[in-house]
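The structure appears below as structure tokens.
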Amino acid sequence: MEPQENPPREKQEASSCEPAEHLPRPSVVDDGASSVASAGNGPSDIRADPEPNPLHQVSSGPAYSVFSKPTKRWIIAMAACASFVSPMTANIYFPALNPIASDLGVSVSLINLTLTTYMVFQAIAPTIVGDFGDMAGRRPAFIISFAIYMCANIGLALQNHYAALLVLRMLQSAGSSGTLSLCFAVVADVAVSAERGKYMGFVGAGINIGPALSPVLGGILAEYLGWRAIFWFCLIYAAAWLIPYALAVPETCRKVVGNGSVPAQGWNTTAVDFLRRRRKPQQQPDAPGGGPRAELRFPNPLNALRVVFEKDLALLLLYNTLIYLVFILIAATLSTEFADIYDLTDLQIGLCYLPYGLGCCLAAILQGYILDSNYRRIARKIGFTIDYKRGDDLRDFPIEKARLMPVYPMLSAGIAAVICYGWVLQAETNLAGPLVLLFVVGLCITGSFAILNTLLVDLYPEAPATAIAANNLVRCLFGAAGTAFIESMLRAMGRGWTYTFWALVLLVFSPVLWVLTVRGPRWREERRLRQLRAREKKAAADAAEAS
């Protein structure tokens with residue numbers, strides 16, 4: 001199905017990101033999207049329940065989010081700060097490996113085992129935390145994750161045995177890694193598709209600053225204050241984030257508070273709102289119809305695997321994983337290769353990560369504005385009216401094309417930069433050469449990765465945290481495998497051919513993006529109808545049981 005070939009629809013009234021049960025809907029809605037199409041507009045072979053008359057009806061559906069713009073910015077800013085924690089925790093530890101091994105009386109290889117176990121939990125934890133966050137709300141998931149993380153850091157700073165280090169690093173990973181999926185989900189909760197790229201960029205910037213700054217920070221702390229100061233710093237950062245979050249950041253999960261108009265209850269309520277309600281309970285009326293109700297259950301990590309078996313999402317996860325592999329393999333080998341070629345100290349090597357991190361951070365911010373601009377351009381081209389208040393019904397909007405078009409030039413430049421980086425290292429040229437190329441790789445490769453993350457949230461709006469958790473699961477498992485044999489590849493093939501090989505892998509698999517652009521809209525619509533039938537079947541079963 002080529003959505004851009006369809007006749008333009010009238011104004012869309014709400015985003016397809018909005019599951020039907022999350023908000024009260026007008027009676028003219030048939031499937032959870034609050035817009036109503038005119039008869040004959042859209043693909044008749046897959047559209048369910050077309051309108052019986054040709055008149056364009058205008059929905060009076062609710063706004064996508066009732067949060068004001070300053071409140072949105074506050075929520076996104078806190079999410080961006082939270083997204084910094086997981087990559088910071090993973091990378092700030094690197095400069096302390098040798099002093100920790102010396103103090104605990106174990107070999108460096110045993111200390112390296114703590115890196116492997118950290119990555120394993122980094123892959124698994126988001127599948128549990130993401131499902132819990134989609135079910136019970138973002139606030140409980142954030143608070144529990146950060147509480148675990150803080151306790152682990154206290155233990156790491158005080159422990160004196162290798163076994164304790166190994167176990168507590170796993171606990172630290174479980175607490176920090178799960179927050180990544182929640183951060184992206186928060187953006188999906190409050191931002192319509194037309195402005196989502198910008199906000200995803202801010203969260204992505206927090207993620208990408210971590211690998212750039214944390215090795216330098218870890219080296220400084222380990223050198224001047226001792227390696228235990230690293231964990232005290234992580235504890236202080238987490239506490240400084242958690243206190244204002246618990247006090248004043250509202251719940252955003254649409255299964256709990258809808259578009260923000262449904263008062264949060266229990267552990268989803270901020271401390272400020274809780275105190276205000278105790279003083280003036282009469283000012284907190286119930287939402288119309290009682291609002292959405294979260295069904296609490298034990299988190300199911302297997303829900304993330306359902307994402308992997310969706311055709312369009314599987315292709316997206318595949319290529320996103322390949323891009324991440326190139327990113328992580330360059331980051332993982334930078335220290336050893338630069339030390340071997342340029343004979344740098346640990347602190348100097350840490351500083352060499354800065355151009356890479358600067359490119360990553362800049363890419364995350366710029367790609368957001370590029371995505372939103374391209375979204376508006378595609379909308380104008382097909383006569384699609386953007387609704388910034390209620391969001392857009394994406395059933396007849398080529399969201400795949402709007403998101404993927406900016407990837408092609410960015411990815412092409414990134415592939416070329418990776419190849420050049422490998423051969424510059426092979427030639428052992430001046431240090432300025434690889435540093436400039438690292439900036440370009442960070443800008444283009446990471447920028448492409450961030451764009452695909454945004455599309456992933458667009459394609460699976462009913463459970464965005466679970467979708468990001470699935471992405472994290474796949475990429476971390478492949479990343480752990482890739483880092484296990486990259487050193488062997490470098491020794492067997494040489495620097496030039498090793499990085500050329502991985503760049504060519506991206507090039508060979510790039511037609512996946514074209515397939516996703518062409519076939520993705522039909523697969524997306526098939527999934528929507530399948531989910532609609534499942535909801536109707538469940539509703540019928542519940543009604544039969546009640547009667």
Side-chain angles (χ1 to χ4, degrees), residues 1-20 25-26 28-51 54-65 187-188 190-200 259 312 367-408 451 454-461 513-514 516-529:
M1 178 178 67
E2 290 285 352
Q4 58 268 34
E5 296 176 0
N6 295 333
R9 292 176 59 124
E10 290 297 306
K11 185 169 184 176
Q12 312 294 309
E13 294 294 341
S15 172
S16 62
C17 293
E18 184 69 7
R25 293 296 183 189
V28 295
V29 180
D30 66 313
D31 66 345
S34 60
S35 64
V36 179
S38 62
N41 288 350
S44 59
D45 58 330
I46 55 176
R47 173 73 70 238
D49 301 329
E51 287 298 320
L55 297 179
H56 296 293
Q57 302 184 45
V58 179
S59 166
S60 59
Y64 185 82
S65 175
V187 178
V190 302
V192 297
S193 298
E195 62 179 1
R196 188 170 296 156
K198 174 178 63 178
Y199 291 128
M200 289 284 281
N259 64 351
D312 53 344
Q367 63 88 16
Y369 289 96
I370 293 171
L371 283 181
D372 290 348
S373 175
N374 195 59
Y375 186 102
R376 294 190 296 267
R377 188 185 67 82
I378 295 292
R380 287 194 301 268
K381 183 177 179 180
I382 66 174
F384 185 92
T385 304
I386 297 175
D387 189 341
Y388 286 96
K389 181 180 180 182
R390 297 178 179 86
D392 300 321
D393 182 351
L394 300 180
R395 286 177 293 170
D396 285 334
F397 184 81
I399 188 63
E400 294 85 357
K401 181 178 180 180
R403 297 306 193 208
L404 292 178
M405 281 184 65
V407 171
Y408 296 111
I451 288 174
T454 303
L455 178 59
L456 181 62
V457 171
D458 289 324
L459 296 182
Y460 208 73
L513 302 179
W514 177 82
L516 187 59
T517 302
V518 174
R519 302 294 299 173
R522 178 172 293 276
W523 292 336
R524 172 162 49 97
E525 179 66 6
E526 290 172 354
R527 179 168 62 254
R528 185 189 69 83
L529 295 177

Return the minimal non-hydrogen interatomic distance between V457 and A188, and the atom names on each side.
CG1-CB, 3.3 Å
Quick check against the 3.5 Å criterion: does S373 have a side-chain atom that pairs as donor or acceptor with the backbone of Y369?
no
Holding to side chain to side chain contact (heavy atoms under 4.5 Å, CB included), I want the full list of residues that pass it with S65, two or more places apart in sequence or in another chain.
F67, K72, V190
Under the side chain to side chain donor-acceptor pair (under 3.5 Å) test, which residues partner N374, sequence neighbours left out?
R377
With rounding to the nearest 0.5 Å, note down the distance linking CG in D387 to OG in S193.
11.5 Å
Result for salt bridge (charged side-chain N to carboxylate O under 4.0 Å, His left out) between D458 and one of R196, R524, K401 points to R196
All ring pair (Phe, Tyr, Trp, His ring centres under 6.0 Å) counterparts of Y460, not counting sequence neighbours:
none
Point-to-point distance, once rounded to the nearest 0.5 Å, from CG of D396 to CZ of F384:
8.0 Å
For a 4.5 angstrom cut-off between non-hydrogen side-chain atoms, does I382 reach F397?
yes
How close do A402 and P406 get, counting heavy atoms only, and between which atoms?
O-CD, 3.7 Å
Straight-line distance of R395 CZ to L529 CG, nearest 0.5 Å:
9.0 Å
How long is the gap from CZ on R403 to CD on Q367, to the nearest 0.5 Å?
9.0 Å
Taken in chain and number order and not counting sequence neighbours, the residues that satisfy salt bridge (charged side-chain N to carboxylate O under 4.0 Å, His left out) with D312 are R527
Using every non-hydrogen atom in the two residues, find where G197 and D372 come nearest and quote the distance to one decimal.
N-OD1, 3.1 Å
Can you tell me how far apart CG (L404) and CD1 (I399) are? Round to the nearest 0.5 Å.
9.5 Å
Show, in sequence, the C-alpha distance, side-chain angles and deciding distance for M200 and L371, and conclude whether the side chain to side chain contact (heavy atoms under 4.5 Å, CB included) test is met.
CA-CA 10 Å; M200 289 284 281; L371 283 181; over 6 Å; no
Residues in side chain to side chain contact (heavy atoms under 4.5 Å, CB included) with A194, at least two apart?
V192, Y375, I386, Y388, D392
